Amino acid sequence: RADIGLYRAKATGRNQTTLESAQRPAVVSELRAALDSGTIDVHYQPIVDVADCGRIVGYEALVRWTSTEQPDLTPSGLITIAESSDLIDELGRAVLYRACTDAHSIQRTLGSRLTLNVNVSCLELVRETYATRALATVAAAGWPFDQLVLEITESELAADSEQAMAQLQQLRRVGIRIAIDDFGSGYSSLNRLASLPWDILKIDRPIIGDAASARPMLTAITALSAAFGLDVIVEGIETQDQARLAAELGIGNAQGFLYGRAMSLDEITSAMPAATAAPD
Ligand code: C2E
Ligand code: MG
Ligand code: MG
Ligand code: MG
């Protein structure tokens, strides 16, 4: 019953990957084995404070796994396979536990408080025990609830999915914040902005990537976010011009290749990028 009240994104990379996956059964058994042996990796992409010279304030956890059966499998493709083979709950839990564990080391390296962002599939969220299980996982890793953000892709979640809304409310009660991921490129309803239990809005990469419309779009979305009391993270900052525009519009936080790609825990702790590290 996990698919009640969900929209499945159409024509995304994720669905294309599913269709192209001729060796899917083999990939599924390989993935199951990887989950059993704990060999799923997680990398971390910095999230920065735009106004404070790109100081790192958090990291987004992004799953990484190399399949021998399908070497060109992307992270999005992996999620699609996990979602369609009943492995998404286990994969989500593995990523959440690993990220919350690694976050302690990353925070020590950074030398200042950080927020950890973790993606959640809508198929995980519609299970009525999701919040209880997620809270136990985070607690087992000893990561503070008020330094955790769970990201849910906007286009996949229906406003009328009462089960998912109940899970979000339960998570927020203990201080976990909820981000709408990839806002602005899928089906975005203004009504949903007002009615759903969000704290943060993540503006999808194509919005700032379109030089002609970036300024008016960002101005409008920033005003909307402020009106609804949402914090903003703009995704996909690749150039200095884009960073300047975000700063000029008063956007709080940003993420993108300009500031850093997703890195392994080892890469982060052994070579903290001096240019973006906290000045103090
Ligand atoms: P997302 O949550 O929107 O994550 C951001 C994606 O954009 C990441 O791709 C990141 O590497 C990429 N990105 C960040 N900055 C830039 C940039 O400046 N330019 C470009 N071209 N790309 C940038 P990635 O790691 O391939 O992940 C793709 C999607 O897969 C994620 O999109 C998310 O929806 C999903 N995903 C990844 N890890 C997980 C996970 O652990 N659980 C779930 N449920 N989904 C995940
Ligand atoms: Mg995300
Ligand atoms: Mg997403
Ligand atoms: Mg995103």
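Remember, it's 1-based here, ligands and their atoms both numbered in the order they're listed. Being a predicted model, the structure only gives us computed values, none of them experimental.
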The one among [options] that brings a heavy atom closest to [atom]:
atom                    : options               : value
atom 11 (O) of ligand 1 : Glu238, Arg205, Arg64 : Arg64
atom 39 (C) of ligand 1 : Leu123, Ile40, Val63  : Val63
atom 23 (C) of ligand 1 : Trp65, Phe257, Tyr259 : Phe257

Non-hydrogen atoms of [X] versus ligand 1: any pair closer than 4.0 Å?
X      : answer
Ser76  : yes
Glu60  : yes
Gln255 : no
Ala262 : no
Arg261 : no

With a 3.5 Å cut-off and no angle check, do the side chains of Ser264 and Glu267 form a donor-acceptor pair?
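Indeed, the side chains of Ser264 and Glu267 share at least one donor-acceptor pair under 3.5 Å.
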
Per-atom contacts, ligand 1 versus Asp181 - under 4.0 Å to a heavy atom:
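Those qualifying, in numeric order: 1 (P), 2 (O), 3 (O).
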
Mark up the atoms of ligand 1 that fall under 4.0 Å of a heavy atom belonging to Val95, in ascending order.
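Atoms satisfying the 4.0 Å criterion: 41 (O).
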
Where the side chain of Gln45 meets the backbone of Gly260, is there a donor-acceptor pair that is under 3.5 Å apart?
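Yes, because the side chain of Gln45 sits within donor-acceptor range (under 3.5 Å) of the backbone of Gly260.
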
Closest N/O/S atom of Glu151 to the Mg ion (ligand 2), by atom name?
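Output for this pair reads OE1.
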
The Mg ion (ligand 4) reached by Glu235 (N, O or S, under 2.8 Å)
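True for Glu235.
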
Any N/O/S atom of Asp204 sitting less than 2.8 Å from the Mg ion (ligand 4), backbone or side chain?
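Of the N, O and S atoms in Asp204, none lies under 2.8 Å from the Mg ion (ligand 4), which means no.
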
Is there an N/O/S atom in Asn119 at a distance below 2.8 Å from the Mg ion (ligand 2)?
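Yes, within the cut-off.
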
For the Mg ion (ligand 4), what is the closest N, O or S atom on Asp182?
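Of all N, O or S atoms belonging to Asp182, OD1 is the one nearest the Mg ion (ligand 4).
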
Nearest 10° is fine: what angle sits at the Mg ion (ligand 2) between OE2 from Glu60 and OD2 from Asp181?
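OE2 of Glu60 and OD2 of Asp181 make an angle of 180° at the Mg ion (ligand 2), to the nearest 10°.
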
